[in-house]
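Here's the structure we're looking at; comments come further down.
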Amino acid sequence: MRVTETLISTLREVPAEADIVSHQLLLRSGMLRKVAAGIYTILPLGHRVLLKIEAIIREEMNRAGGIELLMPIIQPAELWQQSGRWDVYGPELFRLKDRHERSFCLGPTHEELFTELVRQEIRSYRQLPLMLYQIQNKYRDERRPRFGLLRGREFIMKDLYSFDIDENGLDASYRKMYAAYNRIFTRCGLDFRVVEADPGAIGGSDTHEFMVMADTGEAEIVFCSACDYAADVEKAPCLVESQTGPRPRPEGTRRRILSSASRTRPGLKECGVQDRAESPDAVEAVLCPVDEARLQPLQRVRTPGTRTVREVAEYLGIPAEQVLKILMYVTDDVPVAVLVRGDRSLNEIKLKNYLQTNVLEIADEEDVAGRFGLPQGFAGPVGLGGRVRLLADNEIKNLSNMVAGANEPDFHYRNVNYGRDYQVEDFADFRLAQEGDICPKCGQPLQLKRGIEIGQLFKLGTKYSKAMGANVLDENGREIPVVMGCYGIGVTRTLAAAVEQWHDQDGIIWPPSIAPYEAVIIPVGQHDSLQADLADDFCRQLTDSGIDSIYDDRSERTGVKFKDADLIGYPVRIVINKDTVTEGLVEIKWRASGAVERIPKDTAAAYLRHKLARD
RNA sequence: CAGGGUGUAGCUCAGCUUGGUAGAGCGCUUGCUUGGGGUGCAAGAGGUCGUGGGUUCAAGUCCCGCCACUCUGACCA
């Protein structure tokens, strides 16, 4: 391929519409153009990347036993009414009517259609298991499309649905997909992690998310430096550390398994509580006696104008972790106040799950004064009386001689202690995991990184098959609902995530397996027909030996071509000049490492094939 | 959906405060020049100033409505 024969238009300046790196670079490198908010044209260069990602996905889906088909984008409302989601889905669903006033929607996902297909076509357990998939456009009328391809209103997704006769079959399908996803993202050259996730609105039990690690990612994940544990920061359980920080269980201490109900033990402190979300009964605690003698007498101090934890801590000259932070929330029911350590953040999802409430909003100043009758910035647990439900993070029980608001303007208490000075309704895990916390699996410190979700596995069970009557006869002739799983990959999102992860200040650095072209050939003297012909021949030679190559035949200055090559991110740049022509060499520069090497022209194809074929 | 910002040439933006016949850089076209990191010179093409209304002798500029784009938040893959 020659550059002048295709459409490659690069931009020198950053378009004003783009805010994040992948969006900027995809626009600048001529891979993407905006048509409307969250809706894009993928230009030839970007399309080649897309096709390569899709090819990898297809190969691995087929290898795992997936069967490809193609469903329509437009779906009848009827099916969505049967599953119950027509009313639940909300304004995010693109809805439309035909000329006969019949209702349709643009599919944001395809559970209904796949379930309907299986209901019609599958009668017997002998036809199962079955894994069907498609690569198709999806539509979600996002409230706020942003980040270019990462959150568009139209996007491409691979979705596979598995159909089994029982849970064991589902487990087997799930494992196949889990393995396939690992292969796919590895082959795409991405640095990714698998995290345990929250099932969310789709419903179901087990679920894993595949996250590409990138500093600009929307999701924060914690992962262990020592073992393979990883979780969304919003889901990660927090262990309680002793005040001296995490430590291994001391030799000879009693180790007890406590049920969550008996976690509170008078006269005892817990240091190192382990509370895995997936096994709530396996709470493991190291018990050590409270040192009653260390408790100091309660003291009321004037702290004018100190409304935030930081202000109080600075005013009193103490660390933030010595302060009790109290957060007040408005819920479906009565207002709730929650205590966390001053330097911690509250995890609203944990609180919401605990309270089983639909509404959960942090109280503003008006609410704090009105519903709680408390001074904003000076509220505290002491003397709160039963005015509100008071909950506390597990860690709070461990803390002694804390500073807390005195419930009157410009005053705080020193030496506040749980039990002696205040009571709480319950302790639970309410805090947001942070860097340095202990891994719930192995006890080593956790690291925090940002990620972009590009794939998710769900066990749906019989949610849709029951709702829509997708049944089969089992070997006893009984009618049973099929057991389903669904497995998605955001294809366009993967493309953007790859750029988000692999770029530098000059442009994109494509992993070779998904690069639009693996090599670009640039003759320094485009006007020199010897060099130009040689570049043309060499491009053909590389292409013939299976290396996707493009010859930059524009009559531009070499510097322009170099800049464009870096911006577009071809993994290999091959330069031809007067010297290399006479010596029979070519100059190879690797985009990722910047390494330059000169090798004989005739062996270059084989050499590159070898070096590029690392997947 | 709430709150902010921006809409002027293909792109990035100035001009608006203080109303008076539309600007720059880049890109594009042509010629010369240059030829290993966005070369230099010259000549050109290109704009209903988002849109509708109002004020005014006169509106890109002032006022009001609408639309689009964008940022923060909530929501979400």
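Values reported hereafter were calculated over all heavy atoms of this structure, with side chains retained and with hydrogens, waters and symmetry mates removed. The shown structure was predicted, so the numbers you read here are calculated from the model rather than taken from an experiment. Chain letters run A, B, ... following the sequence lines, proteins first, then strands; residues in each count from 1.
Nucleotides B/G46 and B/U29, compared at atom C1', are 11 Å apart to the nearest Å. Only the P atoms considered, B/C26 is 35 Å distant from B/A68, to the nearest whole Å. Between the C1' atoms of B/C69 and B/A59, the separation comes to 24 Å (whole Å). Remark: the separation of the C1' atoms in B/U72 and B/U55 is 36 Å, to the nearest Å. When the C1' atom is used for both B/G35 and B/A45, the distance is 28 Å, rounded to whole Å. Taking atom C1' on both B/C16 and B/U8, the two are 11 Å apart, rounded to the nearest angstrom. Annotation: B/G60 and B/U6 have their C1' atoms spaced 15 Å apart (nearest Å). As rounded to the nearest Å, B/U33 and B/U21 have P atoms that lie 42 Å from one another.
As the counterpart of B/G19, no nucleotide is assigned, since no Watson-Crick or G-U wobble pattern has both distances under 3.5 Å. The partner of B/G3, taking Watson-Crick or G-U wobble pairs whose two distances both stay under 3.5 Å, is B/C71. Judged by Watson-Crick or G-U wobble contacts below 3.5 Å, the nucleotide B/A42 has B/U30 as its partner. Across the strands present, B/G35 finds no partner; the criterion is a Watson-Crick or G-U wobble pair with both atom distances under 3.5 angstrom. The pairing partner recorded for B/G65 is B/U51, the criterion being a Watson-Crick or G-U wobble arrangement whose two distances lie under 3.5 angstrom.
With hydrogens and angles ignored, no donor-acceptor pair closer than 3.5 Å exists between the side chain of A/R557 and the base of B/U33.
When rounded to the nearest whole Å, the span between CD of A/E111 and P of B/A77 equals 11 Å. For A/L11 and B/A9, the CG to C1' distance is 16 Å, given to the nearest whole Å. Between A/D564 atom CG and B/G37 atom C1' there is a gap of 11 Å when expressed in whole angstrom units. When rounded to the nearest whole Å, the span between CG of A/D141 and C1' of B/A77 equals 15 Å. Rounded to whole Å, atom P of B/C75 lies 11 Å from atom CZ of A/R146. Here the C1' atom of nucleotide B/U70 and the NE2 atom of A/H23 are 11 Å apart, to the nearest Å. The OH-P distance, from A/Y329 to B/A74, rounds to 11 Å in whole Å. Atoms NZ (A/K561) and P (B/U39) sit 13 Å apart, rounded to a whole Å.
Under a cutoff of 6.0 Å and an axis angle of 45°, A/K459 and A/Y174 form a cation-pi pair. Remark: A/R95 qualifies as a cation-pi partner of A/W86 under the 6.0 Å distance and 45° angle criteria applied to the six-membered ring. For A/R2 and A/Y551, the positive end is not near the middle of the six-membered ring at less than 6.0 Å and at most 45° from its axis.
Checking A/Y139 against A/E154 by side-chain atom types alone, a donor-acceptor pair falls below 3.5 Å. For the residue pair A/R153 / A/Y40, no side-chain donor-acceptor distance below 3.5 Å is found, with atom types taken as modelled. A/Q456 and A/Y181 share no side-chain donor-acceptor pair at under 3.5 Å.
Summary of the strand contacts: A/R143 and A/F562 both lie near RNA chain B, and taking for each the nucleotide with the nearest heavy atom, the more 5' one is attributed to A/F562. Comparing A/L150 and A/K34 along RNA chain B, the residue whose closest nucleotide (by nearest heavy atom) sits nearer the 5' end is A/K34.
Base engagement by A/E587 is indicated by at least one non-hydrogen atom pair under 4.0 Å involving a base atom. Residue A/K578 is classed as having no contact, given no heavy-atom separation below 4.0 Å to the nucleic acid. Residue A/Q526 is out of contact with every strand shown, counting any heavy-atom pair closer than 4.0 Å. Among the heavy atoms of the strands lying under 4.0 Å from A/D19 are primed sugar atoms or P, OP1, OP2 only; no base atom is included. Across all strands, A/E142 comes closer than 4.0 Å to base atoms (heavy-atom distances). At a threshold of 4.0 angstrom between heavy atoms, the contacts of A/G38 with the nucleic acid are absent. Contact annotation for A/V14: backbone-only contact, meaning every heavy-atom pair under 4.0 Å involves sugar-phosphate atoms and none involves a base. Within the 4.0 angstrom heavy-atom criterion, base atoms lie near A/R573.
Taking A/Y161 as the reference, A/F114 meet the ring-ring contact (aromatic ring centres under 6.0 Å, His included) condition, with sequence neighbours excluded. Among residues two or more places apart in sequence or in another chain, the ring-ring contact (aromatic ring centres under 6.0 Å, His included) test is passed with A/W510 by none.
Considering only the side chain of A/A37, B/C69 comes nearest among B/G35, B/C69, B/G37. Distances were taken from every side-chain heavy atom of A/A16 (C-beta onward) to each of B/G37, B/C71, B/U12; the shortest belongs to B/U12.
The aromatic ring of A/F155 sits over the base of B/A77, with ring centres less than 5.5 Å apart and planes inclined by under 30°.
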Give each protein N/O atom lying under 3.5 Å from an N/O atom of nucleotides 23-26 of chain B, with the pair distance.
unit_1 : atom_1 : unit_2 : atom_2 : d
B/G25  : N2     : A/E13  : OE1    : 3.0

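Salt bridge present: A/D159 and A/K138 bring a charged side-chain N and a carboxylate O closer than 4.0 Å.
Distances shorter than 4.0 Å separate none of the side-chain N or O atoms of A/R144 from OP1 or OP2 on B/C1.
Relative ring orientation between A/Y517 and A/Y570 is described as tilted, the plane-to-plane angle lying within the 30° to 60° band.
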